[in-house]
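Below, chain A is the first sequence line, B the second, and so on; all start at residue 1.
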Amino acid sequence: MIRSVPPPEGLLISPIKNGTVIDHITSGEALNVLKIIGITGTTTESVSVATNVSSGKTGKKDIVKIENRELRKEEMDRIALIAPHVSINIIREFKVFAKRGVERPKFLLGVVRCPNPGCITNAHEPISSRFEVLPNVLHCMYCDWLITTDITGHMI
Amino acid sequence: MKHIISIRDLDRPFIDELINHANHIASQHFNANSLSDKILALLFFEPSTRTRMSFEAAMARLGGTSISVGSIEASSISKGETLADTIRVVSGYADAIVLRHPKEGAARLASEFSSVPVINAGDGAGQHPSQTLLDLYTIQQSLPLDGIDVGMIGDLRYGRTAHSLTYALSLYRCRIHVISPKGLELPPALIGELRDRGTEVIEHEHVEDIIKELDVLYVTRIQRERFPDSASYFDVSSSYKVTTELLEGVRSHLIVLHPLPRVDEIDPEVDTLPYARYFEQSRNGVPVRMAMLQEVLK
Ligand SMILES: Nc1ncnc2c1ncn2[C@@H]1O[C@H](COP(=O)(O)OP(=O)(O)O)[C@@H](O)[C@H]1O
Ligand SMILES: [Mg+2]
Ligand SMILES: [Zn+2]
């Protein structure tokens, strides 16, 4: 532990040396963020999660901090679907080295599985799923199915 | 290259133009040899009599030739070939493909693998744009499409014609009245989408409550398979039946449509009333499909 670094934001979580802080997650979505970045009970990364933290900006928020790991573009696209207001902070040597927001992609290729069992994307064909991202729903561009809830549950 | 896959892909100018074109064709203004050098492949993975015959008739009226597989079961298609491969091969034989397939989205996939235009003739519970276009065509024969009151009655949950038609009507600022048995309502996500597009969607429990204010009554089939037993099916189907008594005192210009085949939804006595337009609607399939074929093959 390096004592000289002031513990950030309310002492909830100890500082990390290198890694990523996903801040301003829509409150309640932290576990889905972990799912998206593939963190399960068996992974070795050191991860801390804070949920329902007070935040001036949005009232309540969740935060996820992961040591020694940076996010891929594809992971940030997925996070944007469930928590469009996050900020991704890359931490190097205990300092915020870079900070960026995320953008909801317009289309999702092979990201979510269509819940419609009769959809051609669930048949044995050489295509991947394709969804259009609309304000409140994901629209299957093959069968017109609309996904309105539990987007992470449908991710491949 | 123009495909006709989903009513959602079509904008109002395209639909209006196609309807106009079909009106010309219906008044005998067309060249009976305009597609004489064209071959149409009919690829039907599901039995269908009307849609298939009316596409064949439309092609024949324009001087073109149709080819098709005799039976899907006897062909390589049932031996596990992907639809993508079948389409790649068949698009080498013909100038356009008409596809009917049990899986939703099959026609979209076909359009991605085909080197010739694809027309969707129904994919599973999904889209069936030629049906919707002929529905709109039939309505505009007697009424302006804009701002009318359209009642949709029957199985609005699984009935694909109802989904596509309500979506198309939202291009014309129609008011949509929905009347369906419990559990067979128009999907909430679709209602939400229609409302987001500025269309008024009003749900009614009984058709009697609204019938006198309608310009169009669109009746769809209630399938027996949706019910646990035949008693509950008969209960429901009899309370959604269109009869001469129901139509007493309606607007004089009301038209009653049905995509056919009907079972018990419309009493045969209604057939002789001036409101009944469902047989005309089915005849309209030919000029509308002629216009579609000319559109994709021009
Ligand atoms: N070394 C670190 N270890 C863990 N979390 C950190 C570290 N440095 C910053 N953070 C967290 O990263 C987020 C962004 O930090 P910062 O840019 O300083 O704050 P803000 O975004 O609130 O202006 C905050 O939630 C902060 O607590
Ligand atoms: Mg902050
Ligand atoms: Zn789908």
statement: Output for pair (A/Cys119 SG, B/Asp123 CG), nearest 0.5 Å, gives 9.5 Å
query: CD of B/Glu193 to NE2 of A/His139: how many Å apart, nearest 0.5 Å?
result: 6.5 Å
- prompt: Out of curiosity, B/Arg108 CZ to A/Asp144 CG, how far, rounded to the nearest 0.5 Å?
  reply: 7.0 Å
- prompt: Got more than 12 heavy atoms from elsewhere within 6.0 Å of CZ, B/Arg157?
  reply: no
task: Specify the closest pair of heavy atoms between A/Leu146 and B/Ala189, including all atoms of both residues, with the distance to one decimal.
output: CD1-CB, 3.5 Å
field: Which atom of B/Glu104 lies closest to which atom of A/Cys143, heavy atoms considered
entry: CB-CB, 3.4 Å
Max heavy-atom pair count under 4.5 Å with chain B, selected residue of A/Ile127, A/Val137, A/Thr148: A/Ile127
field: Proximity breakdown for B/His163 and chain A, heavy-atom pairs closer than 4.5 Å
entry: neither
task: Please look at A/Pro117 and chain B and tell me whether the side chain, the backbone, both or neither of the residue comes under 4.5 angstrom of a heavy atom of that chain.
output: backbone
query: Are there more than 12 heavy atoms of other residues, nucleotides or ligands under 6.0 Å from atom OH of B/Tyr93?
result: no
task: Kindly check if the number of other-residue, nucleotide or ligand heavy atoms within 6.0 Å of CZ (A/Arg113) is above 12?
output: no
task: Decide side-chain contact (heavy atoms from CB on, under 4.5 Å) for B/Lys103 and A/Asn122; before the verdict, give the C-alpha distance in whole Å, the side-chain angles of both, and the deciding distance to 0.1 Å.
output: CA-CA 9 Å; B/Lys103 294 271 174 190; A/Asn122 292 319; over 6 Å; no
- request: State which residue, out of B/Asp85, B/Leu83, B/Thr82, fulfils the side-chain contact (heavy atoms from CB on, under 4.5 Å) condition with A/Pro126.
  value: B/Thr82
statement: Rounded to the nearest 0.5 Å, the CD1 atom of B/Ile87 sits from the CD atom of A/Glu125 at a distance of 9.5 Å
query: Are any of the side-chain heavy atoms of B/Glu112 and A/Arg130 separated by less than 4.5 Å?
result: yes
